[in-house]
Amino acid sequence: MTNIIESKLKTDEMVLNMGPQHPSTHGVLRVELKLDGEKIVKADSHIGYLHRCFEKHCEAMTYPQIIPYVDRMDYLAAMSNELGYVLAVEKLLKIEIPERVEYIRVIMAEFQRIASHLVALGTFGLDTGAFTPFLYTFRDREKILTLFELTCGARLLYNYIWVGGVSHDLHPDFIRLAKEFIEYFRPKVVELNELLTYNKIFIERTANIGVLPPELAINYGVSGPSLRGSGVKWDIRREDPYSIYDMFEFDIPVGEGLAGTTGDCWDRYYVRILEMEQSLRILEQALDQIPEGDVSAAVPKRVKPIDGISYARVENPKGELGYFIISKGGLQPFRVKVRPPSFVNLSVFSEIAKGHMVADVVAILGSLDIVLGEIDR
Amino acid sequence: MKTFEELFEILKNKFNEEEDISTHKEGNEDVILIAAPKINLVATFLKNEPELNFDSLILLTGVDDENGEKTTNEDGSFDLSGGTLSVYYHLESTSLKHKLILKTSVPRENPVCPSVALVWRGSDWHEREAYDLIGIIFDGHPNLSRILMPYDWEFGHPLRKDYKNPEFYNGMKVPY
């Protein structure tokens, strides 16, 4: 019997296409897997299905016109995208920003971080077979989106942070509601931990899977929670402080391998949980200290920077988002280049997926937390 | 942590030919200009020298400098000939916390630049993107293929300043 099976079965390597239409690739990503049985020999990512010439468009638009476009890159963290872009333009313009504006920007960026992490954590649970946490995280994220809606009228794509200021001042109720949310959300993190983080099935699926060694991560330029999950204490908010992040007290959580090996999928997941708590700390301080002031005092009538280059970067929920702008003194930029964190983080995927099972690809992709909108631009 | 002047001094002492390495100020930023054939040597040195230890490439940018000779066509579009394409490298040391911007220029007619993909693996996709959109050929890259545009795109490199849309792509009308 065994002889027949051995003689008839083909043992070639098989090529399997995962995506571009696949729920666990988080968008239109195609992964070309070369399989030996169920083991992955080679994994190639094919991107570009969502390419819409963002950088080419920028060369034909004025500086403020680009802001709605940057919203559409990482559409789960539009506020943070805007913040990075305006910082790069303001660096060229050399303008002073009112203190109230800086506080509002930090508050929005931190709320956005929690909202983006909630999506990441919920869908990661979904990828590994836990349906309930997804509903819980999206319920809480909705409350943050309501706060954004109160501020600028939009739920996802805001065009709120402008060069030199923000489009509207905060709603009179905003600070009260924001504080209420923080009080509401603290116990929810504990709940999520009990529901998913320490769940045995979840740990079995994610611990010791997709281990990303710190040297490899740095060599690939991986950033954000994916880098910190590998135990590297690197956060742009601390290493290269922008806006007013140097005024707040917060810790930088790193992966310690509590469930398995340092740098595995569970560590990347857990760093996001801890980061949400740190974001709440920053929010509490910012909401207490926010001064009064005019939010549109420094908004320039015409944005016309000098000749030169500028690179500004922010710690987006997904990692280091950078904007490299070359200006030749016109109303339109000469060249805008984006460093999307997901683009760089995905490039390491083929390296860490090798040797795992097909089902683990889903867990690894989910733990890297990619958004194809900014990978393809 | 080293300042820009110190970094430049170290590089100049190591690669002492004057014309290969020079500094340049673009707006508020200091940039080190490096002759294209030297870029791989400089990159390897920057990464491996313990007192520099640039272990991370943040960003690699390809730029069309639009400094060649311009000939305008009847429909308002233009063609460029001569001039240069440039590559910017944003480097950082995560252990020593200093940063550096390198720049190199290659001629538009023969845009070949040595690849640094084996020095910083992260530059693999960045270089593919610069090849795809600008058309800079990175010599020694392990897999230099299109990344954002379709693999069968044969109408040039879209981020070139004189790029023109094709009329049809696979039977579909492009400008609509």
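Given the structure is predicted, the values throughout are model-derived calculations rather than measurements. Every chain is numbered from 1 and lettered A, B, ... according to where its sequence line falls, protein lines coming before strand lines.
- Side chain of A/K337 to main chain of B/G62: no donor-acceptor pair is present (N/O by atom type, distance under 3.5 Å, no hydrogens or angles).
- Taking CG from B/D124 and OG from A/S347, the interatomic distance works out to 7.0 Å, rounded to the nearest 0.5 Å.
- Without hydrogens or angle criteria, A/K56 side chain to B/R160 main chain gives a donor-acceptor distance under 3.5 Å.
- A/D240 CG to B/E92 CD: the interatomic distance, rounded to the nearest 0.5 Å, is 7.0 Å.
- The most heavy-atom pairs under 4.5 Å with chain A, out of B/K161, B/H126, B/K47, come from B/K161.
- Atom-to-atom distance recorded for A/Y220:OH and B/S123:OG is 9.5 Å, nearest 0.5 angstrom.
- Inter-residue side-chain proximity for B/N28 and A/K91 is flagged as unmet; no heavy-atom pair is nearer than 4.5 Å.
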* Show your reasoning for whether side-chain contact (heavy atoms from CB on, under 4.5 Å) applies to B/V31 and A/I309. => CA-CA 10 Å; B/V31 178; A/I309 59 174; 3.7 Å; yes
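- Considering only heavy-atom pairs separated by less than 4.5 Å from chain A, the leading option among B/R146, B/E129, B/M149 is B/E129.
- B/W125 CH2 to A/S45 OG: the interatomic distance, rounded to the nearest 0.5 Å, is 4.0 Å.
- With hydrogens and angles disregarded, no donor-acceptor distance shorter than 3.5 Å links the side chain of A/N219 to the backbone of B/W120.
- In this structure the side chain of B/T94 never reaches within 4.5 angstrom of the side chain of A/K233, judged on heavy atoms.
- Between B/H90 and A/Y311, the ring planes lie tilted relative to each other; the angle falls in the 30° to 60° range.
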* **Derivation and outcome, side-chain contact (heavy atoms from CB on, under 4.5 Å), residues A/Y49 and B/L148** => CA-CA 8 Å; A/Y49 293 92; B/L148 293 178; over 6 Å; no
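- Of the atoms belonging to A/E351, it is side-chain heavy atoms, and not backbone ones, that fall under 4.5 Å from chain B.
- Both the backbone and the side chain of A/D376 come within contact range of chain B, each with at least one heavy atom under 4.5 Å from a heavy atom of that chain.
- Looking at heavy atoms from C-beta onward, B/L59 lies out of side-chain contact with A/R313 at the 4.5 angstrom threshold.
- Of the possible polar contacts, none joining the A/R335 side chain to the B/D64 backbone as a donor-acceptor pair under 3.5 Å is found.
- Between B/V63 and A/I326 the shortest side-chain heavy-atom distance falls below 4.5 Å.
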